[in-house]
Protein chains: 2
Amino acid sequence: MSNLQIPLDAETKAIETPEDHRDELRLWLRLLTCSTLIEGEVRRRLRDQFDVTLPRFDLMAQLEKTPDGMTLSDLSKRMMVSNGNLTSLVDRLVTSGHIERRVSEIDRRAQIINLTPAGRSEFRVMAAEHEAWIAEIFGGLTQREQKDLMRLLAKTKLSARNAIIGVAQ
Amino acid sequence: MSNLQIPLDAETKAIETPEDHRDELRLWLRLLTCSTLIEGEVRRRLRDQFDVTLPRFDLMAQLEKTPDGMTLSDLSKRMMVSNGNLTSLVDRLVTSGHIERRVSEIDRRAQIINLTPAGRSEFRVMAAEHEAWIAEIFGGLTQREQKDLMRLLAKTKLSARNAIIGVAQ
DNA sequence: CCCAATTATTTTAGGCTTAAAATAATTTGA
DNA sequence: TCAAATTATTTTAAGCCTAAAATAATTGGG
């Protein structure tokens with residue numbers, strides 16, 4: 001036998017040696033590493049420089065985009081977190097004076113969440129810094145590379161969504 | 001005035017309108033969306049099909065790569081989580097019989113963690129499924145696109161590390 | 001009209017996560 | 001040698017997160 005790596009019978013190869021997906025696994029682990037690395041650094045800077053957590057910052061970022069406010073359900077969809085999770089997060093941000101909530105006039109089950117003027121102005125300061133951090137973190141990529149990465153991630157997002165819907169439906 | 005978008009004095013532009021980093025921000029948000037989307041789906045399938053959480057799976061994955069076991073400190077570095085976090089995670093995996101710990105003979109402060117035979121064989125079944133899920137999720141990308149994405153993420157990782165070290169040191 | 005289904009939110013139970021302080025063992029340098 | 005510094009781990013306090021069940025309001029079909 002000259003090469004022990006090659007199965008004896010090519011016909012049975014697919015059965016005996018399942019397809020190798022190690023490259024996709026490496027790709028996923030690298031994507032996850034990038035995300036974890038950057039997210040951790042953003043968390044650290046938000047805490048050190050503004051004494052704010054990332055979930056609170058994210059919630060305020062969503063509200064800043066919608067001047068008329070949003071319901072908790074809308075927020076939970078946009079932030080991709082569970083509904084129950086938002087209850088306590090919103091509570092804390094109300095307590096700290098960053099946001100306010102009022103019961104919807106057209107649907108008394110729903111609450112409309114809004115930034116307070118103080119919350120909005122504080123958020124804008126943080127957001128400007130945050131944007132600069134992100135630019136710094138991606139600064140090692142050329143404009144062209146950033147554009148390519150953007151396109152490939154768009155495709156990845158689509159591909160992932162298809163795989164997810166394929167299971168759920 | 002024909003165009004209100006252009007500052008009157010080009011000299012002062014850099015001061016009055018800070019650099020625009022919205023593209024980098026969009027890039028980061030897209031990266032984060034991909035990561036969150038895929039991670040959420042992996043969590044869901046691990047729970048539904050194997051009744052295991054992602055942190056437990058990740059811990060076992062690290063141990064599977066090192067047959068001689070690891071200390072908690074090594075694990076915490078590899079998994080990029082805090083030391084204190086591992087204490088309870090390891091406790092639960094010991095309780096469920098997936099891993100075992102013994103005090104190091106050369107350093108009585110340290111513990112060596114290892115997969116049990118049952119834990120190892122259970123992990124291998126899960127890992128094979130997990131690998132197939134990831135392949136499915138990235139299935140919408142060609143080989144070429146996967147290779148490009150891999151390269152761009154490697155560069156992103158480097159760029160992020162530089163930005164992080166630049167602050168810490 | 002009215003009740004069943006739906007929708008919005010909260011509660012609950014359990015797990016994950018961190019930073020910081022505490023505990024315990026080892027190493028190092030005078 | 002031996003005390004100070006370092007290293008490994010645990011504990012603590014607080015927050016984040018989820019799924020599932022519960023509560024409360026609205027909507028739609030008969």
Side-chain angles (χ1 to χ4, degrees), chain A residues 32 35-37 39-60 69-96 98-99 101-113 168, chain B residues 32 35-37 39-60 69-96 98-99 101-113 168:
Chain A
L32 188 57
S35 189
T36 304
L37 204 60
E39 191 177 317
E41 182 64 11
V42 170
R43 268 181 213 279
R44 191 171 309 120
R45 295 191 194 191
L46 282 174
R47 179 172 51 79
D48 293 349
Q49 297 186 30
F50 300 113
D51 193 30
V52 75
T53 65
L54 184 54
R56 288 182 206 207
F57 179 82
D58 284 344
L59 194 154
M60 287 191 272
M70 297 171 87
T71 64
L72 288 187
S73 292
D74 290 342
L75 258 179
S76 107
K77 274 168 214 147
R78 293 236 199 164
M79 294 178 70
M80 294 199 278
V81 300
S82 70
N83 236 317
N85 186 16
L86 280 183
T87 298
S88 53
L89 189 55
V90 164
D91 282 348
R92 281 186 291 268
L93 278 166
V94 168
T95 301
S96 64
H98 291 89
I99 68 176
R101 55 176 150 197
R102 59 189 161 81
V103 172
S104 166
E105 283 161 22
I106 52 175
D107 184 345
R108 278 183 301 168
R109 291 168 305 178
Q111 300 178 17
I112 314 288
I113 313 295
Chain B
L32 187 58
S35 189
T36 304
L37 204 58
E39 191 177 318
E41 182 64 11
V42 169
R43 267 181 213 278
R44 192 171 309 120
R45 294 192 194 191
L46 282 175
R47 179 173 53 79
D48 292 350
Q49 297 186 30
F50 300 113
D51 194 30
V52 75
T53 65
L54 185 54
R56 290 181 204 205
F57 179 83
D58 284 345
L59 195 154
M60 288 191 270
M70 297 171 88
T71 65
L72 288 187
S73 292
D74 290 340
L75 259 179
S76 107
K77 275 169 212 145
R78 293 238 199 160
M79 294 179 69
M80 295 199 278
V81 300
S82 70
N83 236 318
N85 186 16
L86 281 183
T87 298
S88 53
L89 189 55
V90 164
D91 282 348
R92 281 186 291 268
L93 278 167
V94 168
T95 300
S96 64
H98 291 90
I99 68 175
R101 55 177 150 196
R102 59 189 161 82
V103 173
S104 165
E105 284 162 21
I106 51 175
D107 184 344
R108 278 183 300 169
R109 291 168 304 179
Q111 301 177 14
I112 315 288
I113 313 295

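First the proteins, then the strands, lettered A, B, ... as listed; each starts at 1.
Contact annotation for B:S104: no contact, since no heavy-atom pair falls under 4.0 Å across all strands. At a threshold of 4.0 angstrom between heavy atoms, the contacts of B:N85 include nucleobase atoms, whether or not backbone atoms are also involved. Using a 4.0 Å heavy-atom criterion, one finds that B:M79 contacts no nucleic acid atom at all. Contact annotation for B:R44: no contact, since no heavy-atom pair falls under 4.0 Å across all strands. Across all strands shown, B:R47 has heavy atoms under 4.0 Å from sugar-phosphate atoms exclusively, and none from any base. The residue A:S88 sits apart from the nucleic acid: no heavy atom pair falls under 4.0 Å.
Distance, A:I112 CD1 to C:dT9 C1': 13 Å, rounded to whole Å. The CG atom of B:L89 sits 11 Å away from the P atom of C:dT18 (whole-angstrom rounding). Distance A:R101 CZ to C:dA8 P: 17 Å, rounded to the nearest Å. Spacing between atom CG of B:L75 and atom P of D:dT10 amounts to 12 Å, rounded to whole angstrom units. Rounded to whole Å, the distance from CG on B:L72 to P on C:dT23 is 20 Å. With rounding to whole Å, A:I113 atom CD1 is found 12 Å from C:dA8 atom C1'. Protein atom CG of A:D48 is 15 Å distant from nucleotide atom P of C:dT18, rounded to whole Å. The distance from atom CG of B:D51 to atom P of D:dT18 is 18 Å, rounded to the nearest whole Å.
Remark on DNA chain D: of its neighbouring residues B:K77 and A:R43, the 5'-side contact belongs to B:K77, judged by nearest-heavy-atom nucleotide. DNA chain C is contacted by both A:Q111 and B:L86; A:Q111 maps to the nucleotide lying nearer its 5′ end (nearest heavy atom per residue).
B:S73 has no side-chain polar atom (N or O) that falls below the 4.0 Å cut-off from OP1 or OP2 of D:dT7. Of the side-chain N and O atoms in A:R108, one or more sit less than 4.0 angstrom from OP1 or OP2 of D:dT26.
Other residues, nucleotides and ligands contribute at most 12 non-hydrogen atoms within 6.0 Å of the CG atom of B:D51.
For the side chain to side chain contact (heavy atoms under 4.5 Å, CB included) test with B:L59, the passing option among B:V81, B:T53, B:L89 is B:L89; the others fail.
For the 3.5 Å distance criterion, the side chains of B:N85 and B:S82 fail to qualify, holding no donor opposite an acceptor.
Each of D:dT9, C:dT18, D:dT26 was ranked by its minimum atom distance to the side chain of A:D107; first place goes to D:dT26. When distances are taken from the side chain of B:N83 to each of D:dT9, D:dC17, C:dA8, the shortest belongs to D:dT9.
Taking a cutoff of 4.0 Å between a charged side-chain nitrogen and a carboxylate oxygen, B:R78 and B:D58 do not qualify as a salt bridge.
Closest heavy-atom contact between A:L72 and A:L86: O-CD1, 3.3 Å. Contact record, A:P55 with A:R43: CD-NH1, 4.0 Å, taken as the closest heavy-atom pair.
If you check distances only, the side chain of A:R109 never reaches the base of D:dT26 with a donor-acceptor pair under 3.5 Å.
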